[in-house]
Asks: 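Mind looking over this structure? Questions follow.
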Amino acid sequence: MIQIEIDGKPVEVREGQTVIKAAHDSGTYIPHFCYHKKLSIAANCRMCLVEVEKAPKPMPACATPVSPGMKIFTKSEKALAAQKSVMEFLLINHPLDCPICDQGGECQLQDLAVGYGKSNSRYNEEKRVVFHKNVGPLISMEEMSRCIHCTRCVRFGQEVAGVMELGMINRGEHSEISSFVGQSVDSELSGNMIDICPVGALTSKPFRYAARTWELGRKKSISPHDSLGTNIVIQTKADEVKRVVPRENEHINECWISDKDRFSYEGLRANDRATKPMVKQGGVWLESSWEDALNYVASGLKGVKADHGAHSIAALAHPISSIEELFLLKKLTQDMGADQIETRLRQNEVPEAPQALWLGMSVEELAQQHQVLVVGSSLRKDHPLIAVRLRNATKTGTQVYRIDAGGDNWLMPNAGQISSAPSLWLENLAEICAVIAKSKGIESPVVPKNISNQAQAIAQGLLKGEKKAILVGNTALAHPQFNQLHALVTWISNQINGTLGFLGDGANFVGAQIIGATSQGVNDILGKNNKAYILLNLEPSLDLPNPLLARQALQGAQTVIALSAYCSEDLLELADVILPITPYTEGAGSYVNIAGTVQSILPSVKPYGDSRPAWKVLRVLGGLLDLDGFNFNTVEEVRLSALPDHLTSHLNNQGSAHIREITLVASGLERLADVPIHFTDAIVRRSSALQLTRDSKKAICAGLPSKLFRELNLKEGDAVKVTQGDVSTVMPAMLQENLADGVVRLSAATSSSAKLGSMFGNVSVERV
């Protein structure tokens, strides 16, 4: 630490720190535009000019490192004159159309112009015009004349998102920010460019002209769309969500959010939003009162229990549901005598012993690992902000290895990669086990057929360094031989003294396991002859691992009760009752993220229509079923009953399955079923802007490896017939050059994949 002076006040700062950071830490504000604490130094706006003793001219605070004894003056006559001159230059070509600018009221340039600008301009010539650009459905570049060339958006793409999608073209007064010719901005993090733009050049296309910033109410909240628990601020007007922006939390999401978290709010007021209880009578849907609908549900469940036994009642819930909702659903089913409840909707095979899988460390610790092996994950799309952490870590030496089917560019250097069909992942892990065992002079738990160079390199890499982690992704969690995979990664992590972690899907992936809202697995539940199903926050054809099995099971049931915010087509077909419940923005609830952090939220807006929070619906239903212990008055009371005192003691990643010999079965084409980033849950699927993105358009295509694409003599977009078992569907073909041979990517959770079967298995593809 060194001593410096800022405006006459002695300050102790870290050597090498920049003046602007030192000033900020000591509580002194220096005006700036191009500087951002998470981006590299550009020093091109010059708004942060300050006077430094003995320096011949004002110095940019963002690019000037402190030195012992330095005396800095941020408000001296010389500094203020320099800052006012810069502001005058910035406003020469800036259009003074604040009354119609979407950024009005939250514009850095507008704010600083009040303090550093003049009341009139000496520049009388015409202002320059920069034509607008269309870069996709999320970001509006209609007003690029307002751009001040701070290059924050350019640096964000290169340094945080990992891909340069915007850049500066031309020189001097002709300079402008543009995308590459004819290309849109397609990063899953692109919306952050809107936040960091200090003027109104980049704005939100869905939010455009929807409200003024001073008209908006603001509520802190949590995004439930993945397991990270991203902190957000929900901005509302007239009891409607108008915008979602990030809330800074260095421990979880830093100051970023994904586009899924930002723009999914459009789905909250979708056309098929459920607003009144509905009961199906004689194949016709009729609106009902809450009292009649709940009595009908209670009567139906009592009838099934009396006729077929409580063991024929099952509950399935999406992990987007809150802890309180899941706890009361579990309590309701168990108190009735049923033992079938499941939230791990994508998992074909579940751990043999009850345990709560989690990340194994804090989110921040990911960036401190020396070696990280990621198994079976579409990392960038499944967990965009985890990918940001690892991408930044690779810049400081972290080595990232991956085992998956390929096809995804993670936009970060890979120290080693094995791309193979899902059925070979166990063999790939066995090869790594064998190399590690040989290096340590111990017996390998499994003997592979041979050892590839890639497996040799990954194993040798994992034996180096001190901090090591193995992360198991969403696709690996859904693997039909998950327990064997779990046992192998457990053995590897124990031998390398590493940390084993699981990524998971849905905000309560961990929370649902902690409170025991899990049993024997979705396919086991659907495979039984159950007579009653309670569905919470899910759409059967899109959220379950085998849509055909789900449809068959629900059609054979005596009653299907759906607690849902939407009247989707498959619920209208398969359910007998739809009880309209509120999404996360309209109710209170708690979530446990993958790092084991409990986060609670309050409602941001009033319930839409006649919908009710699911915990209240389940509380009343418990009373109607004559069950004890449902007399909760507040959501806090439910939370206290649901969560254990020592939450961390329930977290356990160790695999308990015995490692068996791996038998390789030669098969033809294998299906790889990722869950696309904008199809993870009912809310996201209904965001019109997100459904227009490139990621969403790719999701409805059949991704084919290069060899198969050439064999079928296809062009991009040609129709192919995909057959899985006894069912077929026609889809556009898409070339995925890095996809492993013998693999066809057929995404789950889409209208096309809803016509197919299991997420894994053999498929055939032919040209139409």
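Note that the numbering runs from 1 along the sequence shown for the chain. The analysis underlying the following values was restricted to heavy atoms, covering all of them including side chains, and did not include hydrogens, waters or symmetry mates. Just so we're clear, the structure is a prediction, and the values are computed from it rather than from any experiment.
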Asks: Report the C-alpha separation of K381 and N474 in whole Å, then their side-chain angles, then the decisive distance to 0.1 Å, and conclude whether the side chain to side chain donor-acceptor pair (under 3.5 Å) test is met.
Replies: CA-CA 11 Å; K381 306 302 180 183; N474 295 10; over 6 Å; no
Asks: Let me see the working for E165 and S190 under side chain to side chain donor-acceptor pair (under 3.5 Å), right down to the final yes or no.
Replies: CA-CA 9 Å; E165 295 182 291; S190 65; over 6 Å; no
Asks: Measuring only between side-chain heavy atoms, which start at C-beta, is V160 closer than 4.5 Å to N192?
Replies: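 The answer is no, as the side chains (C-beta and beyond) never meet within the 4.5 Å cut-off.
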Asks: Under a plain distance cut-off of 3.5 Å, with no hydrogens placed, do H678 and D259 share a side-chain donor-acceptor pair?
Replies: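 The criterion, which ignores hydrogens and geometry beyond distance, is not satisfied for H678 and D259.
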Asks: Do NZ/NE/NH1/NH2 and the carboxylate oxygens of R745 and D674 come within less than 4.0 Å?
Replies: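 Result for this pair is yes, salt bridge flagged.
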Asks: Find out whether P246 and D195 are in side-chain contact, i.e. whether some heavy atom of one side chain is under 4.5 Å from a heavy atom of the other.
Replies: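 Yes; the side chains approach each other to less than 4.5 Å.
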Asks: Will you find, in the side chains of T343 and N508, an N or O donor that is under 3.5 Å from an N or O acceptor?
Replies: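 No, because no side-chain N or O of T343 sits under 3.5 Å from a partner of the opposite role on N508.
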Asks: Is the side chain of Q110 donor-acceptor paired with the backbone N or O of G105 at a distance under 3.5 Å, no angle test?
Replies: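 Yes; judged by distance alone, with no hydrogens or angles, the pair exists.
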Asks: Hey, does the side chain of N249 reach the backbone of N253 with a donor-acceptor pair shorter than 3.5 angstrom?
Replies: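 The answer is no, because no donor-acceptor pair under 3.5 Å joins these two groups.
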Asks: Say whether, by atom type as modelled, one donor and one acceptor occur between the side chain of S687 and the main chain of F263 under 3.5 angstrom.
Replies: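 Yes, the answer is positive, given that a donor and an acceptor are paired below the 3.5 Å cut-off.
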Asks: Under a 4.0 Å N-O cut-off, is there an ion pair linking R686 with E539?
Replies: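 A salt bridge links R686 with E539.
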Asks: Could you tell me whether the side chain of T275 and the main chain of D610 form a donor-acceptor pair under 3.5 Å?
Replies: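 Judged by distance alone, no pair lies under 3.5 Å.
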Asks: So does L690 get a backbone contact from the side chain of S696, meaning a donor-acceptor N/O pair under 3.5 Å?
Replies: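 Flag set: sc S696 to bb L690 pair under 3.5 Å.
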Asks: Does R152 reach the main-chain N or O of P198 with its side chain, forming a donor-acceptor pair under 3.5 Å?
Replies: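 Side chain of R152 to backbone of P198, a donor-acceptor pair under 3.5 Å: no, none is there.
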Asks: With side-chain contact (heavy atoms from CB on, under 4.5 Å) as the test, would you mind laying out the steps for L385 and R389 before giving the verdict?
Replies: CA-CA 6 Å; L385 298 178; R389 293 269 187 183; over 6 Å; no
Asks: For the backbone of G589 and the side chain of W615, can you confirm whether one donor and one acceptor N or O come within less than 3.5 Å of each other?
Replies: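 Side chain of W615 to backbone of G589: no pair is present.
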Asks: Is a donor from one side chain sitting under 3.5 angstrom from an acceptor on the other, for S258 and R380?
Replies: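 Absent: no donor and acceptor within the cut-off.
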Asks: Between S184 and D186, does a side chain to side chain donor-acceptor pair (under 3.5 Å) hold up when you go through it step by step?
Replies: CA-CA 6 Å; S184 55; D186 299 310; 2.8 Å; yes
Asks: Output yes when K242 and E215 qualify as a salt bridge under the 4.0 Å nitrogen-oxygen rule, no when they do not.
Replies: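 No, this pair does not count.
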Asks: Taking only Lys NZ, Arg NE, NH1 and NH2, and the carboxylate oxygens of Asp or Glu, determine whether E248 and K37 approach each other closer than 4.0 Å.
Replies: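 Looking at E248 and K37, the cut-off is met.
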Asks: Fit a plane to each ring of Y35 and H32, take the angle between them on a 0 to 90° scale, and name the class: parallel (under 30°), tilted (30 to 60°) or perpendicular (over 60°).
Replies: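 Correct class here is perpendicular.
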Asks: To the closest 0.5 Å, what do you measure between CG (L571) and CE (M278)?
Replies: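 Output value for this atom pair is 11.0 Å.
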Asks: Go through Y584 and H225 one step at a time and tell me if the side-chain contact (heavy atoms from CB on, under 4.5 Å) criterion holds.
Replies: CA-CA 10 Å; Y584 74 104; H225 303 303; 4.1 Å; yes
Asks: Give the intermediate values and the outcome of side-chain contact (heavy atoms from CB on, under 4.5 Å) for residues E143 and V199.
Replies: CA-CA 10 Å; E143 314 292 349; V199 295; over 6 Å; no
Asks: So that I can tick it off, tell me whether D239 and K237 are bridged by a salt bridge, with the cut-off set at under 4.0 angstrom between side-chain N and carboxylate O.
Replies: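 Salt bridge absent between K237 and D239.
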Asks: Look at E324 together with K616 and state whether they make a salt bridge at an N to O cut-off of under 4.0 Å.
Replies: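 A salt bridge is absent here (no side-chain N lies under 4.0 Å from a carboxylate O).
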Asks: Are side-chain N/O atoms of S568 and D570 paired as donor and acceptor at under 3.5 Å?
Replies: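 Per modelled atom types, S568 and D570 side chains form a pair under 3.5 Å.
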Asks: For the residue pair M164 and Q158, what are the closest heavy atoms and their distance?
Replies: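 Closest pair (atom of M164, atom of Q158, distance): SD-NE2, 3.5 Å.
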Asks: Can T213 and R243 be said to form a side-chain contact (heavy atoms from CB on, under 4.5 Å), step by step?
Replies: CA-CA 10 Å; T213 180; R243 185 166 62 170; 4.3 Å; yes
Asks: Quick test of your reading of the model: are K38 and E254 salt-bridged, counting only N-O distances below 4.0 Å?
Replies: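 Yes, this pair counts.
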Asks: Distance from I20 atom CD1 to I41 atom CD1, nearest 0.5 Å?
Replies: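 So the gap between those two atoms works out to 7.5 Å.
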Asks: Write down the atom of I320, the atom of Y591, and the distance for their closest heavy-atom approach.
Replies: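 Looking at all heavy atoms of both residues, the closest pair is O-CE2, 3.4 Å.
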Asks: Would R273 pass as a cation-pi partner of Y608, given that its NZ or CZ must be under 6.0 Å from the six-membered ring centre and within 45 degrees of the axis?
Replies: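 Ring-cation test returns no.
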Asks: When you look at D102 and R146, which way does the salt bridge (Lys or Arg N to Asp or Glu O under 4.0 Å) test go after all the steps?
Replies: CA-CA 11 Å; D102 243 24; R146 298 173 185 155; over 6 Å; no
